[in-house]
Amino acid sequence: PSKADMHDEL
Amino acid sequence: MNAFRLAGDMTHLLSIILLLHKIRAMKSCAGISLRTQELYVIVFVTRYVDLSMKYYSFYNSIMKIVFLGTSISIVWYMRYHKVVKQTYNKDVDTFRHIFLILPCFVLALLINRAFTVIEVLWTFSLYLEAVAILPQLVLLQRSRNIDNLTGNYVFLLGAYRAFYLLNWIYRFFIENHQVRWIPWLSGLLQTAIYADFFYYYIKSWKNREKLKLPA
């Protein structure tokens with residue numbers, strides 16, 4: 001169950 | 001976005017505001033490592049190359065631009081501002097960038113989630129960020145007088161990544177995110193590097209003494 005990627009972090 | 005993530009971003013932003021205040025208002029960068037600041041520019045440039053390619057949110061884009069702009073301007077002040085550059089502790093800030101950049105780059109080539117330019121650069125930026133504070137910590141250890149602004153700056157930088165750890169725990173358990181070893185382990189290492197500093201920072205704060213790191 002994965003959603004958004006870690007790339008949405010800064 | 002959860003509260004831990006926001007708290008992390010805000011402490012990060014606050015640390016930069018504090019440093020810029022020291023540089024612009026006090027016209028001083030004493031005790032600040034130019035090596036670390038240059039590493040941060042590399043971290044942000046390699047991590048945010050996706051800025052023009054992928055849109056996440058207005059908040060995300062603005063923060064990326066702020067981090068890029070402020071880190072570049074800090075380096076500019078330390079290198080070229082005629083008053084500020086004279087306060088730079090050049091002789092004690094001798095840590096070599098390449099000893100951190102090269103191993104991080106090789107590691108990013110070997111251990112990444114996908115062998116693409118964006119993904120390798122992103123991974124490299126995570127590895128490099130984890131260790132980028134080392135020249136700053138070395139400089140602090142060599143400095144007899146650590147002013148409050150510099151101490152608070154480093155403390156906020158450490159707090160930023162500690163909040164991110166809580167953010168990842170939250171995302172994993174509450175938002176059902178995947179296991180992501182690369183950012184988690186590099187983030188954990190990054191926070192652990194501050195452990196020693198945190199200890200002396202809190203001790204000096206409790207005893208109302210000036211911060212001093214043992215050599």
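Chain letters run A, B, ... following the sequence lines, proteins first, then strands; residues in each count from 1.
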**Request:** Let me see the working for Asp93(B) and Arg142(B) under salt bridge (Lys or Arg N to Asp or Glu O under 4.0 Å), right down to the final yes or no.
**Result:** CA-CA 9 Å; Asp93(B) 189 24; Arg142(B) 290 175 178 174; over 6 Å; no
**Request:** Would you check if the side chain of Thr150(B) reaches a backbone N or O of Ile146(B) as a donor-acceptor pair within less than 3.5 Å?
**Result:** no
**Item:** Region of Tyr160(B) that comes under 4.5 Å of a non-hydrogen atom in chain A
**Value:** side chain
**Asked** Among Lys64(B), Arg47(B), Arg5(B), who wins on heavy-atom pairs under 4.5 Å with chain A?
**Response** Arg5(B)
**Residue part contacting chain A, namely of Tyr164(B), when any heavy atom lies under 4.5 Å** = side chain
**Message:** Please classify the contact between Asp9(B) and chain A as side chain, backbone, both or neither, with a heavy-atom cut-off of under 4.5 Å.
**Reply:** side chain
**Request:** Against chain A, label Phe172(B) side chain, backbone, both or neither, depending on which of its atoms sit under 4.5 Å from a heavy atom there.
**Result:** neither
**Request:** Measure across Phe67(B) and Tyr48(B) and return the closest heavy-atom pair with its distance rounded to 0.1 Å.
**Result:** CD1-OH, 3.7 Å
**Complete:** When every non-hydrogen atom of Pro183(B) is compared with those of Trp168(B), the smallest separation belongs to O-CH2, 3.3 Å
**Request:** I would like to know whether Asp8(A) and Arg171(B) meet salt bridge (Lys or Arg N to Asp or Glu O under 4.0 Å); could you show each step before the answer?
**Result:** CA-CA 12 Å; Asp8(A) 64 348; Arg171(B) 292 186 90 172; 2.8 Å; yes
